[in-house]
Amino acid sequence: MALNLIFLGPPGAGKGTQADRVAGSRGIPKISTGDILREAVANKTEIGLRAKAIMDRGELVSDEVIIGIVKERLDRADVAGGFILDGFPRTVAQAEALDGLMTGRSPLIVVDIQVPDAELVRRLTTRLICGGCGANAPEGLAAGDTAAAAARCGKCGGSFVQRADDNAAVVLERLKVYQKNTRPLVEYYQQRPTFCAIDGTQVPARVAAMIEAAVDGVAGTAVVGGGTGR
Ligand code: AMP
């Protein structure tokens with residue numbers, strides 16, 4: 001059965017890192033709407049040009065644009081065995097649209113990674129990504145460290161940089177936006193038998209183990225055609 005996962009949780013909870021791990025261990029694609037948008041910005045496409053200012057402010061790109069991106073991505077053949085959505089849905093309207101896109105597919109498994117705000121601010125304002133390919137820097141490298149300045153990306157050889165939206169002011173705005181728009185998705189999903197809450201404060205390997213166990217635990221309850229697919 002296809003494993004269709006979404007990773008909820010605030011910015012900095014570790015969704016991207018964990019989605020990469022699970023994508024690797026299960027052999028399914030990770031679909032990050034943030035990565036897709038950053039690529040569009042880098043390529044100066046029409047969507048990228050429109051999204052850049054919104055992203056730089058820490059606000060959300062319109063539901064219409066994001067739903068269009070995800071719809072098109074879920075039409076591709078490589079999601080037949082499953083997928084992991086990282087950073088989508090972020091609003092109730094997006095979650096409703098996703099439910100519509102799930103008709104005829106295995107039900108969603110929802111992984112909510114929970115981390116307190118103070119820890120999120122610390123993580124986001126020190127994290128690094130590759131300036132070349134956007135991959136996360138290895139664990140232990142933090143913005144401002146001398147080791148980080150000399151390190152190179154294992155995937156493309158690029159150097160590590162801070163994301164444009166990982167400065168203190170924008171981080172606070174993104175956390176506010178999360179509380180207002182995205183946090184309600186916990187209520188939206190938590191009654192489903194396929195919802196799992198994960199303590200994201202542990203080291204990444206431990207969080208990964210908890211996610212793998214939780215996904216295996218609920219996957220059996222996600223029977224195709226089970227009522228509304230919810
Ligand atoms: P992320 O990499 O997931 O933190 O996303 C970076 C930025 O891209 C966000 O702060 C938003 O501006 C935009 N973005 C990514 N995913 C979405 C989404 N599902 N809905 C609206 N905006 C999004």
Side-chain angles (χ1 to χ4, degrees), residues 5-20 22-23 29-74 83-102 108 110-113 115 117 119-131 133-137 143 160-186 188-189 200:
L5 299 168
I6 57 176
F7 280 23
L8 295 182
K15 298 187 298 294
T17 302
Q18 296 300 335
D20 277 337
V22 177
K30 170 182 108 161
I31 301 168
S32 156
T33 44
D35 284 352
I36 293 170
L37 290 170
R38 277 183 289 278
E39 206 180 311
V41 170
N43 293 334
K44 299 194 165 59
T45 66
E46 199 190 319
I47 285 180
L49 292 173
R50 273 191 284 149
K52 185 178 184 319
I54 298 169
M55 294 169 75
D56 284 348
R57 289 196 299 270
E59 295 167 8
L60 294 182
V61 172
S62 78
D63 286 335
E64 192 195 346
V65 166
I66 289 285
I67 290 166
I69 288 173
V70 171
K71 184 174 183 322
E72 195 182 294
R73 184 64 187 81
L74 293 184
F83 58 79
I84 305 177
L85 280 167
D86 159 22
F88 180 94
R90 262 180 157 95
T91 64
V92 170
Q94 291 177 17
E96 287 170 352
L98 180 59
D99 278 335
L101 295 175
M102 294 307 292
L108 288 170
V110 184
V111 177
D112 182 41
I113 308 181
V115 175
D117 271 9
E119 171 66 6
L120 296 170
V121 172
R122 189 194 65 74
R123 288 185 185 182
L124 290 166
T125 53
T126 59
R127 83 173 168 186
L128 292 168
I129 61 164
C130 172
C133 70
N136 286 323
F160 294 111
V161 297
Q162 278 196 286
R163 258 172 57 170
D165 58 354
D166 274 349
N167 64 76
V170 179
V171 161
L172 291 180
E173 177 61 23
R174 285 159 63 207
L175 292 176
K176 255 197 254 166
V177 166
Y178 167 79
Q179 284 300 338
K180 179 165 180 272
N181 298 287
T182 311
R183 168 87 214 183
L185 294 184
V186 175
Y188 183 86
Y189 287 119

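Just follow the structure's listing: the first ligand is 1, and inside any ligand the first atom is 1. A quick note: this is a predicted structure, and the numbers were derived from the prediction, not measured.
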Point to revise | Student check: side-chain heavy atoms of Lys30 and Phe7 closer than 4.5 Å | key: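 Side chain of Lys30 against side chain of Phe7, heavy atoms only: no contact under 4.5 Å found.
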Check your understanding: Less than 4.5 Å apart, any side-chain heavy atom of Val111 and any of Val22?
Key ->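 The answer is no, as the side chains (C-beta and beyond) never meet within the 4.5 Å cut-off.
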Practice item. Test Arg123 against Val115 for side chain to side chain contact (heavy atoms under 4.5 Å, CB included), laying out the working first. Key: CA-CA 10 Å; Arg123 288 185 185 182; Val115 175; 4.0 Å; yes
Practice item. Please list all pairs passing the side-chain hydrogen bond (donor to acceptor under 3.5 Å, both in side chains) test where one or both residues lie in residues 47-58, with sequence neighbours left out. Key: Lys52-Asp56, Arg57-Glu59
Practice item. Select all protein residues for which some heavy-atom-to-ligand 1 distance is less than 4.0 Å, and list them by chain and number. Key: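 Heavy-atom contacts below 4.0 Å: Thr33, Gly34, Leu37, Arg38, Met55, Glu59, Leu60, Val61, Ile66, Gly87, Phe88, Arg90, Gln94, Arg163, Asp165, Arg174.
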Could you tabulate the donor-acceptor pairs under 3.5 Å formed by side-chain atoms of residues 167-176, not counting sequence neighbours?
{"residue": "Asn167", "atom": "OD1", "partner": "Ala169", "partner atom": "N", "Å": "3.4"}
{"residue": "Asn167", "atom": "OD1", "partner": "Val170", "partner atom": "N", "Å": "3.3"}
{"residue": "Asn167", "atom": "ND2", "partner": "Ala164", "partner atom": "O", "Å": "3.1"}
{"residue": "Arg174", "atom": "NH1", "partner": "Asp165", "partner atom": "O", "Å": "2.6"}
{"residue": "Arg174", "atom": "NH1", "partner": "Asp166", "partner atom": "OD1", "Å": "2.8"}

Side chains of residues 31-40: which donor-acceptor partners sit under 3.5 Å, not counting sequence neighbours?
{"residue": "Ser32", "atom": "OG", "partner": "Gly34", "partner atom": "N", "Å": "3.4"}
{"residue": "Ser32", "atom": "OG", "partner": "Asp35", "partner atom": "N", "Å": "2.9"}
{"residue": "Thr33", "atom": "OG1", "partner": "Gly87", "partner atom": "O", "Å": "3.1"}
{"residue": "Asp35", "atom": "OD1", "partner": "Arg38", "partner atom": "NH2", "Å": "2.9"}

